[in-house]
Novice: 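Quick one: this structure, given as structure tokens, is what I'll be asking you about.
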There are 2 protein chains.
Amino acid sequence: MIVTRRDEIVEAAGVLLEQHGRDGVTMRAIAESLGIRAPSLYKHIADKHELEVALIADGFVQQADAFEKALAGGNDVPAMAIADAYRTWALDHPHLYRLMTDQPLPRDELPEGVEERSVAYVLEALAGDRDCARAAWAFAHGMVTLELADRFPPDADIAAAWRTGIESIVANVAATQNDPQGDQK
Amino acid sequence: MIVTRRDEIVEAAGVLLEQHGRDGVTMRAIAESLGIRAPSLYKHIADKHELEVALIADGFVQQADAFEKALAGGNDVPAMAIADAYRTWALDHPHLYRLMTDQPLPRDELPEGVEERSVAYVLEALAGDRDCARAAWAFAHGMVTLELADRFPPDADIAAAWRTGIESIVANVAATQNDPQGDQK
DNA sequence: GTCTATAGTGGGATAGAC
DNA sequence: GTCTATCCCACTATAGAC
């Protein structure tokens, strides 16, 4: 696999993102970490936006890989396995996670299927019920962002809230499957 | 009620926040909207941070008022009434909402009880179960931030996801109340 | 593919006069 | 309580030489 200069630039941007947050990713800082000057970067990439898109695309691949591994574990409750993987990955890559979720997805500029693959694992864990999958995603996203922002009160039992939320939604999926008239599909 | 110059400054900052987002709240812009120069602001406030704290405190009061009104409506499902009020308020004040949730709360600098009052209404709607209340909060926060960031796919039924999530958690509260050994309180 | 020089824009905050 | 003048900082991006 050949590593182009562009790849090195994206890689350096990713390291800066996780080390110093979004504000730490400046063209100057990227260049400095490669031992060159900022204007030289523009021979390899069009602008900063292109860099962000590349980082986001990479994040989706990483996330989907984590989901795949979690489901392969053969857990009793797939949704809980996905939830654990979701939380772990987000907490391990806080700034990339926020970059991926804080703004509209540049869907036109992302490689084909990159978002869909991640979504598919979540949907699979919730019996294909899209409303439940979206509710579960929103719950997980809320838990992760509140934890990352340190917004829970100091005494909050975060693990217990995770269990409560996922169990509630899973129970609801099971209930609507036994009661097909509530099914939308 | 006397309106001090400081109050006018905070008010102007709040208007700019909702009109132009967080980046639109600059000392220069605040001053301009009051017809003075930026350096004059520092005779009334210490720095920009003090301004943000004042906006956040005000946001909590507004939010709690909205919750109070929603519960007073005498809804069949109090948790759904709170959820609707949560969504409506956040969508009506997107930038203030993000200011209040994107960073650690400056609890030491906030007026006493301002956070607690908002929390109390949510807790009340969920029978005092803290884990369920936190799960519900995280769900609502996730739904709101994903909607504000325009992160749901274009075809997503957002209202259905709200119903699914809240109903799931409410059902879980009811279940654990009939099954006291699962109760933590 | 790298460099220097620089344009253009914007920000928070202070000193000291009035 | 307001002003002018100013400091110091930072950023993205381009032009043109080598």
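Naming convention: chains lettered A, B, ... in sequence-line order (proteins, then strands); numbering from 1 in each chain. In this text the structure is predicted, and so the values were computed from the model without any measurement.
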Novice: For D/dT12, does either OP1 or OP2 sit under 4.0 Å from a side-chain N or O belonging to A/H49?
Specialist: no
Novice: Of the nucleotides D/dT2, C/dA13, D/dA13, which has the atom closest to the B/D47 side chain?
Specialist: C/dA13
Novice: From CG of A/D23 over to C1' of D/dA10, roughly how many Å is that when rounded to an integer?
Specialist: 11 Å
Novice: Between C/dG10 atom P and B/K48 atom NZ, what is the distance in whole Å?
Specialist: 14 Å
Novice: Less than 3.5 Å apart, any donor N or O on the side chain of B/D131 or A/T164 sitting next to an acceptor on the other?
Specialist: no
Novice: Distance check needed: C/dG11 C1' versus B/L16 CG, whole Å only.
Specialist: 15 Å
Novice: Parallel, tilted or perpendicular: which fits the ring planes of A/H93 and A/W89, with parallel below 30° and perpendicular above 60°?
Specialist: parallel
Novice: Honestly curious: do B/I56 and B/V53 fall in one hydrophobic cluster under the side-chain, below-4.5 Å linking rule?
Specialist: yes
Novice: Give every residue pair that meets the salt bridge (charged side-chain N to carboxylate O under 4.0 Å, His left out) criterion with at least one member in residues 75-88 of chain A, sequence neighbours excluded.
Specialist: A/R87-A/E147
Novice: To the nearest angstrom, how far is A/D7 atom CG from C/dG1 atom P?
Specialist: 13 Å
Novice: Rounded to whole angstrom units, what separation is found between the CE atom of B/M27 and the P atom of C/dG10?
Specialist: 18 Å
Novice: B/R22 has an atom CZ; how far is it from atom P of C/dG11, in whole Å?
Specialist: 15 Å
Novice: Just the rounded figure in Å: distance from P of C/dT4 to CZ of A/R28.
Specialist: 13 Å
Novice: Taking DNA chain D as the partner, which of residues 32-43 of chain A come within under 4.0 angstrom of it by heavy atom?
Specialist: A/P39, A/Y42
Novice: Can B/E8 and B/H44 be counted as having a side-chain donor-acceptor contact under 3.5 angstrom?
Specialist: no
Novice: Under 6.0 Å between ring centres, would you say that holds for B/Y97 and B/Y86?
Specialist: yes
